[in-house]
**Q** 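Structure incoming, see below.
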Amino acid sequence: MSNVRIKDIARLAGVSPGTVDRVIHNRGEVSPVTRDRIRRLLKEHAYTPDAMASKLSLKKQFRFAVLMPGQEGPHAFWSLPRHGVDRALHELSPFQVRADIHEHPPFRKEDFLRLVADVDWTACDGVLFAPVFPDESVRFVERLRDLGVPVVLFNSHLECPDVLSYVGQDAFRSGRVGAHLMQYGLNGSGHLALVNVLAGRHPKSHVLAREAGFRDYFGTQPQWQGSIDTVNLMGEDLGELGRRMDELLDSRAIDGIFVTSSRVHVLASYLADRKVTGLRLGGYDLVPGNLDHLREGRIDFLISQHPEEQAFKGLVTLFQWLAHKREPSLLQWMPIDIITRENMEPDQNLQHMHL
């Protein structure tokens with residue numbers, strides 16, 4: 001009996017283990033050229049499925065790695081998916097699942113590259129990864145592919161065929177939803193501002209997708225005669241954001257601001273300090289600072305992308321694939337929930353403060 005494994009065939013074929021599994025079980029979409037190459041390798045290496053593999057896998061210890069940005073202060077977005085990882089590990093504890101958490105500063109590409117280079121990724125069975133720097137993240141995923149290590153992405157999607165699954169929101173569609181909410185009451189005209197928070201000079205793919213969706217919505221509204229200004233915040237320079245917003249607000253009357261990240265509370269605080277009222281403000285995620293401003297009426301709406309559930313589901317997806325060979329959907333979309341002061345839970349802020 002051959003000892004070759006699915007991940008060995010995947011490495012030889014230059015594809016993900018999930019693609020090899022789809023060919024073996026004749027399900028899912030695989031290009032004819034890739035399918036023929038995989039079948040040729042399966043025959044050449046006399047691959048034989050081990051009928052006892054799934055049973056035996058439950059008796060082994062699974063070691064995963066989680067690679068994501070670290071937490072930043074009491075209102076940090078990344079505390080939410082970290083809570084999801086902890087919850088998944090708790091629920092999977094009977095199956096001897098452990099995870100090494102590798103965190104890097106969200107705005108420092110050099111630290112990310114150093115971390116990726118220093119860790120022995122062959123020591124883990126799978127990687128749950130929240131990509132921040134697109135080009136470098138694709139190269140990292142390709143490296144894991146070469147090592148035969150399956151990858152599940154969350155929070156930000158990559159145009160990369162070498163992942164087992166992506167768990168997260170459709171960023172483009174959520175941008176369109178944000179635009180739809182912002183246009184209420186404008187009657188076809190007005191001045192809007194998009195505020196992006198960028199990791200240094202390297203934009204996050206999901207932030208760009210949200211902006212693209214926002215602009216696409218208004219591009220499909222024939223009656224729209226208004227304007228949309230973009231303000232890009234580079235890195236963590238919030239002082240620069242204030243200066244840029246001062247220039248914008250002094251030059252024209254802004255009807256609404258849409259923030260393409262969880263840092264909408266920064267804009268809410270800025271507007272409150274400047275005593276600016278009468279404009280609509282929206283953004284993403286139920287982090288405590290955002291919920292405080294939502295409750296006080298300084299934020300009109302938040303789009304929840306369920307970051308806790310993304311990380312939880314991502315880690316469970318890796319376990320189910322390795323332990324039971326349950327092939328996940330390539331794209332596991334999270335719902336686009338709209339939260340306002342009227343439908344937020346009374347104790348929602350308290351719940352998130354204890355994550």
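Values reported hereafter were calculated over all heavy atoms of this structure, with side chains retained and with hydrogens, waters and symmetry mates removed. Residue numbers run from 1 in the order of the sequence given.
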**Q** Rest of the hydrophobic cluster containing L192 (Ile/Leu/Val/Met/Phe/Trp/Tyr, side-chain heavy atoms under 4.5 Å)?
**A** V177, L181, M182, Y184, L186, L194, F214, Y217, F218, W224, I228, F258, Y284, F301, I303, I336, I338
**Q** Where does the angle between the aromatic ring planes of F154 and W78 fall among parallel (under 30°), tilted (30 to 60°) and perpendicular (over 60°)?
**A** perpendicular
**Q** Hey, does L241 have a side-chain heavy atom less than 4.5 Å from the side chain of Y270?
**A** no
**Q** Does the side chain of D86 reach to within under 4.5 Å of the side chain of R82, using non-hydrogen atoms?
**A** yes
**Q** Considering only residues two or more places apart or on different chains, which pairs with a residue in residues 268-288 satisfy salt bridge (charged side-chain N to carboxylate O under 4.0 Å, His left out)?
**A** D246-R274, D250-R274
**Q** May I have the list of side-chain donor-acceptor pairs in residues 155-162 shorter than 3.5 Å, sequence neighbours left out?
**A**
{"unit_1": "S156", "atom_1": "OG", "unit_2": "S205", "atom_2": "OG", "d": "2.8"}
{"unit_1": "S156", "atom_1": "OG", "unit_2": "H206", "atom_2": "ND1", "d": "3.2"}
{"unit_1": "D162", "atom_1": "OD2", "unit_2": "R145", "atom_2": "NH1", "d": "3.3"}

**Q** Answer yes or no: is there a donor N or O on one side and an acceptor on the other, between the side chain of Q310 and the main chain of Q305, under 3.5 Å?
**A** yes
**Q** Do the side-chain N and O atoms of H306 and D337 include a donor-acceptor pair separated by under 3.5 angstrom?
**A** yes
**Q** Inspect the contact between E247 and R243 and indicate whether a charged nitrogen and a carboxylate oxygen are less than 4.0 angstrom apart.
**A** no
**Q** Checking D255 now: which residues fulfil salt bridge (Lys or Arg N to Asp or Glu O under 4.0 Å) with it, not counting sequence neighbours?
**A** none
**Q** Do L315 and F319 have side-chain heavy atoms sitting under 4.5 Å apart?
**A** no
**Q** Which residues satisfy the side chain to side chain donor-acceptor pair (under 3.5 Å) test with S329, sequence neighbours excluded?
**A** none
**Q** For R139, check salt bridge (Lys or Arg N to Asp or Glu O under 4.0 Å) against everything at least two apart and list the hits.
**A** E136
**Q** Measuring only between side-chain heavy atoms, which start at C-beta, is S174 closer than 4.5 Å to R210?
**A** yes
**Q** Quick one: does V195's side chain get under 4.5 Å of M245's, heavy atoms only?
**A** yes
**Q** Compare all side-chain heavy atoms of V127 with those of W121 and state whether any distance is below 4.5 angstrom.
**A** yes
**Q** Check whether N343 reaches the backbone of T340 with its side chain - one donor and one acceptor, N or O, closer than 3.5 Å.
**A** yes
**Q** Would you please name every residue forming a side chain to side chain donor-acceptor pair (under 3.5 Å) with R40, sequence neighbours left out?
**A** none
**Q** Considering only distance and modelled atom types, tabulate donor-acceptor pairs under 3.5 Å from the side chains of residues 87-94, sequence neighbours left out.
**A**
{"unit_1": "R87", "atom_1": "NH2", "unit_2": "E309", "atom_2": "OE1", "d": "2.9"}
{"unit_1": "S93", "atom_1": "OG", "unit_2": "H90", "atom_2": "O", "d": "2.7"}

**Q** Just to verify, what does R63 make a salt bridge (Lys or Arg N to Asp or Glu O under 4.0 Å) with, not counting sequence neighbours?
**A** D100
**Q** Within the structure provided, determine whether R252 and D229 are in side-chain contact (heavy-atom separation under 4.5 Å).
**A** yes
**Q** Restricting to salt bridge (Lys or Arg N to Asp or Glu O under 4.0 Å), what partner residues turn up for R39, sequence neighbours left out?
**A** none
**Q** Can you find a side-chain donor-acceptor pair between Q332 and S165 that sits under 3.5 Å?
**A** yes
**Q** Any side-chain to backbone donor/acceptor pair from Q169 onto P335? Under 3.5 Å, distance only.
**A** yes
**Q** So which pairs with a foot in residues 177-188 pass salt bridge (charged side-chain N to carboxylate O under 4.0 Å, His left out), sequence neighbours left out?
**A** none
**Q** Could you list all the salt bridge (charged side-chain N to carboxylate O under 4.0 Å, His left out) pairs where at least one residue sits in residues 172-187, not counting sequence neighbours?
**A** R176-D216
**Q** Would you call D146-R143 a salt bridge at under 4.0 Å N-O?
**A** no
